[in-house]
Amino acid sequence: MSTRIPFLKGHGTENDFVIVPDPENAVELSPAAVAALCDRRAGIGGDGVLHVVRSAAHPEARAMAAEAEWFMDYRNADGSVAEMCGNGVRVFARYLQHAGHTTEGDLAIATRGGVKTVHIAKDGDVTVGMGRARLPEGDVTVSVGGRSWPARNVNMGNPHAVAFVDDLDDAGDLLSPPSFSPASAYPDGVNVEFVVDRGPRHVALRVHERGSGETRSCGTGACAVAVAAARRDGADPAATGTPATYTVDLPGGTLVITERPDGEIEMTGPAVLVAEGEIDAKWLETAVG
């Protein structure tokens with residue numbers, strides 16, 4: 001490992017990330033190293049790490065290299081591996097643009113949740129093709145502080161439980177993961193969204209992200225919420241033949257989610273780079289050790 005490791009810091013609706021450019025997959029990012037980088041007092045601070053690797057250089061992405069040159073090797077703040085991160089994809093695309101690897105327009109990014117199509121607009125917003133939602137069958141319940149709500153099980157490449165509540169304060173402090181049942185619904189844990197209505201096709205949410213705690217925003221969570229809201233509202237695009245667009249307010253900003261009749265979902269929102277620098281590899285080794 002070299003003595004200095006380049007990094008950037010970015011966010012999408014205040015869901016923030018440490019970006020580690022590593023085209024040839026030469027930097028070893030253990031769970032402990034990721035947790036150290038994401039530590040908000042002793043490290044750089046972030047909800048996760050965006051490890052930027054060429055698809056051909058990563059064993060999990062080589063099969064996607066013909067479709068997408070770059071692989072988003074995403075890690076949660078606790079060091080655990082995640083399938084997808086919607087806000088992360090937008091920030092990842094912004095980094096590729098910043099580094100000269102792409103320009104305004106369309107590109108493809110490989111993720112553990114598959115290849116995602118991305119459009120970087122001239123106005124700065126980034127739209128991500130998030131694929132189709134899966135709606136596993138079976139009733140799910142989430143609980144906080146002795147209160148329970150029915151939840152919609154939505155999978156966006158990662159698992160979500162969407163609960164509609166009367167007040168966002170009903171979610172409590174979200175310092176620990178809300179409990180859920182049955183346990184078999186989410187064997188690897190779940191992202192939990194608590195949702196209230198703000199107006200026609202306009203909702204707001206708070207989210208506990210698996211492995212990261214409450215975050216300021218969750219892109220896949222916003223998509224899951226829009227899908228659940230459309231079913232609740234009788235606006236399932238597959239049934240109506242008309243796209244359903246929801247404005248989703250998160251603590252860190254606003255995302256616009258559209259589900260088309262063919263099931264494809266698009267998410268549009270900002271992506272901002274705020275800093276660039278170098279990590280002291282010796283510090284990282286000490287922090288991990």
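- Note on Val91 and Leu29: separate hydrophobic clusters, where clusters join Ile, Leu, Val, Met, Phe, Trp and Tyr whose side-chain heavy atoms are under 4.5 Å apart, directly or indirectly.
- Across every non-hydrogen atom of Gly189 and Pro159, the tightest pair is O-CG, 3.4 Å.
- Residue-environment remark: CG (Asp139) stays at or below the threshold of 12 foreign heavy atoms within 6.0 Å.
- Hydrophobic cluster membership differs between Phe71 and Leu50, with clusters built from Ile, Leu, Val, Met, Phe, Trp and Tyr side chains linked at under 4.5 angstrom.
- Looking at residues two or more places apart in sequence or on another chain, you find no ring-ring contact (aromatic ring centres under 6.0 Å, His included) involving Tyr246.
- How far CD of Glu137 is from CG of Leu135: 9.5 Å, rounded to the nearest 0.5 Å.
- At least one donor-acceptor pair closer than 3.5 Å links the side chain of Ser55 to the backbone N or O of Ala68.
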Start with the C-alpha gap between Val195 and Val248, add the side-chain angles, then the distance that decides, and say whether side-chain contact (heavy atoms from CB on, under 4.5 Å) holds. CA-CA 10 Å; Val195 188; Val248 182; over 6 Å; no

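- Smallest separation of non-hydrogen atoms from Cys85 and Asn15: SG-OD1, 4.2 Å.
- Checking side-chain atoms of Thr111 against main-chain N and O of Gly114 turns up a donor-acceptor pair under 3.5 Å.
- Using a distance-only test at 3.5 Å, with no hydrogens or angles considered, no donor-acceptor pair links the side chain of Asp233 to the main chain of Ala235.
- In summary, the side chains of Asp47 and Thr215 do not present any donor paired with an acceptor at a separation below 3.5 Å, with no hydrogens or angles considered.
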In sequence, state the C-alpha distance, the side-chain angles, and the governing distance for His98 and Glu276, and then conclude on side-chain hydrogen bond (donor to acceptor under 3.5 Å, both in side chains). CA-CA 11 Å; His98 168 80; Glu276 190 168 2; 3.3 Å; yes

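- Using bins of under 30°, 30° to 60° and over 60° for the plane-to-plane angle, the ring pair Tyr74/Phe17 lands in the perpendicular bin.
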Just do the side-chain contact (heavy atoms from CB on, under 4.5 Å) check on His119 and Asp106 with the steps written out, would you? CA-CA 4 Å; His119 179 79; Asp106 298 328; 2.7 Å; yes

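- Once rounded to the nearest 0.5 Å, the distance linking OG1 of Thr13 with CG of Asp16 reads 10.5 Å.
- The cluster map of Ile, Leu, Val, Met, Phe, Trp and Tyr, joined by side-chain heavy atoms under 4.5 Å apart, puts Leu284 and Ile19 in different clusters.
- Counting only distance, with no hydrogens or angles, the side chain of Arg152 and the backbone of Ala228 share no donor-acceptor pair below 3.5 Å.
- Taking CD of Glu14 as the reference point, atom CG of Asn87 lies at 10.5 Å (rounded to 0.5 Å).
- Think of Val165 as one node in a network of Ile, Leu, Val, Met, Phe, Trp and Tyr side chains linked at under 4.5 Å; its network also takes in Val140, Val142, Val144, Trp149, Leu168, Leu174, Phe180, Tyr186, Val190, Val192, Phe194, Val196.
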Could you give me the CA-CA distance, side-chain angles and deciding distance for Arg4 and Asp280, then say whether side-chain contact (heavy atoms from CB on, under 4.5 Å) is met? CA-CA 5 Å; Arg4 315 294 294 182; Asp280 185 333; 3.7 Å; yes

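- In this structure the side chain of Pro270 reaches within 4.5 angstrom of the side chain of Arg90, judged on heavy atoms.
- There is a path of hydrophobic side-chain contacts, each under 4.5 Å, that joins Ile5 to Phe7.
- The hydrophobic cluster containing Val274, built from Ile/Leu/Val/Met/Phe/Trp/Tyr side-chain heavy atoms closer than 4.5 Å, also comprises Val272.
- Of all heavy-atom pairs spanning Glu209 and Asn191, the tightest one is CA-OD1, 3.4 Å.
- Counting heavy-atom neighbours within 6.0 Å of Asp166 CG, excluding the residue itself, gives a total of 12 or less.
- Closest heavy-atom contact between Ser217 and Val207: C-CG1, 4.5 Å.
- Sorted by first and then second residue, the pairs that involve residues 193-202 and meet side chain to side chain donor-acceptor pair (under 3.5 Å), not counting sequence neighbours, are His160-Glu193, Asp197-Arg232, His202-Asp249.
- Within the structure, every pair that satisfies the side chain to side chain donor-acceptor pair (under 3.5 Å) test and touches residues 57-66, not counting sequence neighbours, is listed here: Glu60-Arg112.
- Counting only heavy atoms from C-beta outward, the side chains of Pro178 and Ser143 never approach each other to under 4.5 Å.
- Checked by atom type and distance alone, the side chain of Arg206 pairs as donor or acceptor with a backbone atom of Gly172 at under 3.5 Å.
- For Asp262, the side-chain hydrogen bond (donor to acceptor under 3.5 Å, both in side chains) partners two or more places apart in sequence, or in a different chain, are Arg260.
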For Met156 and Met130: C-alpha separation, side-chain torsions, deciding distance, then whether side-chain contact (heavy atoms from CB on, under 4.5 Å) applies. CA-CA 8 Å; Met156 287 298 309; Met130 300 292 287; 3.8 Å; yes

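- Counting heavy atoms from C-beta outward, Thr220 and Met267 have side chains that stay 4.5 Å or more apart.
- For the atom pair CD1 (Ile279) and CG (Leu37), the distance works out to 5.0 Å, reported to the nearest 0.5 Å.
- Closest heavy-atom contact between Ala222 and Leu205: CA-CD2, 4.1 Å.
- For the pair Ala133 and Val227, the tightest heavy-atom approach, listed with the atom from each and the gap, is CB-CG2, 4.0 Å.
- For the salt bridge (charged side-chain N to carboxylate O under 4.0 Å, His left out) with Glu83, the qualifying choice from Arg210, Arg75, Lys116 is Arg210, the only one to do so.
- Between atom CD of residue Glu69 and atom CD1 of residue Ile109 there is a gap of 11.0 Å, rounded to the nearest 0.5 Å.
- By the rule that hydrophobic residues join a cluster once side-chain heavy atoms approach within less than 4.5 Å of another member, Val256 and Ile265 end up as members of separate clusters.
- Between atom CG of residue Asp173 and atom CD of residue Glu214 there is a gap of 8.5 Å, rounded to the nearest 0.5 Å.
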